[in-house]
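Per chain, numbering begins at 1; letters A, B, ... match sequence-line order.
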Protein chains: 2
Amino acid sequence: MADVNPQALLGFASHNHSACVAEALAQAERVCQEHRLRFTDVRRRALGILLENHSALGAYELLERLDNEGFGSKPPVAYRALAFLVKNGFAHRIEKLNAYVACAHPGAQHDPAFLICNDCGAIAETPVSASAGRLAQTARQSGFQISRTIMEAEGQCPQCRP
Amino acid sequence: MADVNPQALLGFASHNHSACVAEALAQAERVCQEHRLRFTDVRRRALGILLENHSALGAYELLERLDNEGFGSKPPVAYRALAFLVKNGFAHRIEKLNAYVACAHPGAQHDPAFLICNDCGAIAETPVSASAGRLAQTARQSGFQISRTIMEAEGQCPQCRP
DNA sequence: GTTGAAAGTGTTATATTATATCAATTAGTG
DNA sequence: CACTAATTGATATAATATAACACTTTCAAC
């Protein structure tokens, strides 16, 4: 994946990016205070980096940037920050890419679903209710109790279409 | 994941397993003839192994079994067989597990969706029309062209529930 | 049937993603 | 302050995956 056009992100619509980063960080700050979570320097910065990118970042890419900024340089540094962010809903893991994105709807309870552009790498998170879909229906019928749903669609975003 | 109870598989319902393996292999044989695909020894055996397991198998687990049976012993042997099976719809990759399952509905065109039991490792493939869901709807509305959809739900299968 | 091109196989080597464990530090609590 | 739990950073290693090469097999053209 080449450089990502920032215009192509966040639901593939334009937006004020630095404001959106600041807003998301502030929101995370608030949530952490409320829930007595320790929003440490590495964690804050990791989220900042994901937000600045606004597309999926691999753990080792994140690690490199953290390292450049004086944080640890070894894999667990990145993986632990990511684990914290994912666990608390500030970021999501994209299984298809073995990569991570900042959450586009932090705070709100949601089953994340993603549209992944194979051309430019843009990621759009869309709020889909997993419990309402056919898969959940099938699960209920067969007595399967779903704890988490992964929904990712690959394809071409509007910007990259012919 | 411990040993998987065969009773817990294929939609979490009991079935005649050796017959189902033979039938699936025969079906694959037919499809390959129709489509002029080369269903070589490694490929056939790889599918057989996946079918016998009937739950997700990692590439290296598959490799070990192929090696034991006199096929190559190096990763590409397994990955290439898997690539063939996945490409042609005889198997699916479970992104969440970095593992592979034989397809439960070979031949038919379908968007596979999976229920993954976190306790016993059982996998059920359910025929869900991705193009009919909310995610596809959102995609259409935003001009995103979906080429492939990943749907996986983790949870507890009926056998493993309290 | 021989030949040439394409596909398949197996290997070596290496890349990429991820985790277990331990020592040192920091934050929060009584 | 003293204690505990959480966090950090490092070492080491595990698990997953692919690139590139030599050799073989298949298949179609002749």
Side-chain angles (χ1 to χ4, degrees), chain A residues 1 28-29 32-47 49-50 56-88 90-101 116 121 150 152, chain B residues 1 28-29 32-50 56-88 90-101 121 150 152:
Chain A
M1 140 184 157
E29 206 84 53
C32 285
Q33 289 212 343
E34 269 169 32
H35 293 54
R36 303 278 183 280
L37 299 172
R38 289 165 61 181
F39 201 34
T40 62
D41 287 352
V42 217
R43 290 166 177 181
R44 191 184 344 265
R45 194 58 199 116
L47 179 54
I49 291 169
L50 290 185
L57 215 55
Y60 281 76
E61 293 175 279
L62 172 64
L63 176 59
E64 192 184 336
R65 303 193 194 190
L66 289 173
D67 185 15
N68 287 342
E69 300 187 18
F71 295 99
S73 62
K74 299 299 162 31
V77 168
Y79 282 102
R80 282 192 294 229
L82 288 167
F84 172 86
L85 296 175
V86 168
K87 177 178 176 191
N88 298 111
F90 303 126
H92 300 293
R93 175 182 164 85
I94 309 293
E95 298 294 339
K96 181 67 219 304
L97 302 176
N98 294 331
Y100 305 82
V101 272
I116 305 167
I150 294 161
E152 301 174 4
Chain B
M1 138 185 159
E29 206 83 52
C32 286
Q33 289 213 344
E34 268 169 34
H35 293 53
R36 303 278 183 279
L37 299 171
R38 289 165 61 180
F39 201 34
T40 61
D41 287 353
V42 216
R43 290 167 176 180
R44 191 185 342 264
R45 194 59 199 117
L47 179 54
I49 290 169
L50 291 185
L57 216 54
Y60 281 77
E61 293 174 279
L62 172 63
L63 176 60
E64 191 184 336
R65 303 192 196 192
L66 289 173
D67 185 14
N68 287 341
E69 301 187 15
F71 296 99
S73 62
K74 301 300 163 30
V77 167
Y79 281 103
R80 283 193 292 228
L82 288 167
F84 171 86
L85 296 176
V86 168
K87 178 178 177 193
N88 297 111
F90 303 125
H92 300 295
R93 175 181 163 86
I94 309 293
E95 299 293 339
K96 181 67 219 307
L97 303 176
N98 295 332
Y100 305 81
V101 270
I150 294 161
E152 301 174 3

Colleague: In residues 33-42 of chain A, what residues come within less than 4.0 Å of DNA chain D, judged by heavy atoms?
Modeller: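 Heavy-atom cutoff 4.0 Å gives A:Arg38, A:Thr40, A:Val42.
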Colleague: Search all heavy atoms of B:Ala59 against all heavy atoms of B:Ala78 and return the closest pair with its distance.
Modeller: O-CB, 3.5 Å
Colleague: Output one letter per nucleotide in nucleotides 11-23 of chain C: B when a protein non-hydrogen atom lies under 4.0 Å from the base, S when only the sugar-phosphate is that close, - when neither is.
Modeller: BB----BBBB---
Colleague: What closest approach, in Å, do B:Lys96 and A:Ile150 show between heavy atoms, and which atom pair accounts for it?
Modeller: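 In this case the closest contact between B:Lys96 and A:Ile150 is CD-CD1, 3.4 Å.
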Colleague: Could you tell me how far apart B:Leu66 (CG) and C:dT9 (P) are, to the nearest whole angstrom?
Modeller: 11 Å
Colleague: Suppose we screen for side chain to side chain contact (heavy atoms under 4.5 Å, CB included). Which residues come up paired with B:Ala81, at least two apart in sequence or across chains?
Modeller: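 Side chain to side chain contact (heavy atoms under 4.5 Å, CB included) check on B:Ala81 returns B:Ala46.
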Colleague: Rounded to the nearest 0.5 Å, what separates atom CG in A:Leu97 from atom CD1 in A:Ile116?
Modeller: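 Separation between the atoms: 4.5 Å.
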Colleague: Counting distance only, does the side-chain N/O of B:Glu152 pair as donor-acceptor with the main-chain N or O of B:Glu95 below 3.5 Å?
Modeller: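 At least one qualifying donor-acceptor pair exists.
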Colleague: Show me the donor-acceptor pairs within less than 3.5 Å that the side chains of residues 64-72 of chain A make with the rest of the protein, sequence neighbours left out.
Modeller:
from    : atom 1 : to      : atom 2 : distance (Å)
A:Arg65 : NH1    : A:Asn53 : OD1    : 2.9
A:Asn68 : ND2    : A:Glu64 : O      : 3.3
A:Glu69 : OE1    : A:Arg45 : NE     : 2.6
A:Glu69 : OE2    : A:Arg45 : NE     : 3.3
A:Glu69 : OE2    : A:Arg45 : NH2    : 3.1

Colleague: May I have the list of side-chain donor-acceptor pairs in residues 34-43 of chain B shorter than 3.5 Å, sequence neighbours left out?
Modeller:
from    : atom 1 : to      : atom 2 : distance (Å)
B:His35 : ND1    : B:Val31 : O      : 3.1
B:Arg36 : NH1    : B:Gln33 : O      : 3.0
B:Arg43 : NH1    : B:Arg38 : O      : 2.7

Colleague: Please list, chain by chain and in numerical order, all residues satisfying side chain to side chain donor-acceptor pair (under 3.5 Å) with B:Asn98, sequence neighbours excluded.
Modeller: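 B:Asn98 satisfies side chain to side chain donor-acceptor pair (under 3.5 Å) with B:Arg93 once adjacent residues are dropped.
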Colleague: Nearest 0.5 Å please: distance from the CG atom of B:Leu57 over to the CD1 atom of B:Ile94.
Modeller: 11.5 Å
Colleague: Of all nucleotides in DNA chain D with an atom under 4.0 Å from a non-hydrogen atom of chain B, which is the first and which the last going 5' to 3'?
Modeller: D:dT16 to D:dT26
Colleague: Once you round to the nearest 0.5 Å, how far does CG of B:Leu47 lie from OH of B:Tyr100?
Modeller: 15.0 Å
Colleague: For the residue pair B:Tyr79 and B:Tyr60, does the interplanar ring angle fall in the parallel (under 30°), tilted (30 to 60°) or perpendicular (over 60°) class?
Modeller: perpendicular
Colleague: Roughly how bent is the helix from C:dG1-D:dC30 to C:dG30-D:dC1 end to end, in steps of 10 degrees, with each end axis from five pairs?
Modeller: 30°
Colleague: Sequence neighbours excluded, which residues qualify as salt bridge (Lys or Arg N to Asp or Glu O under 4.0 Å) partners of A:Glu29?
Modeller: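 Here the qualifying residues are A:Arg44.
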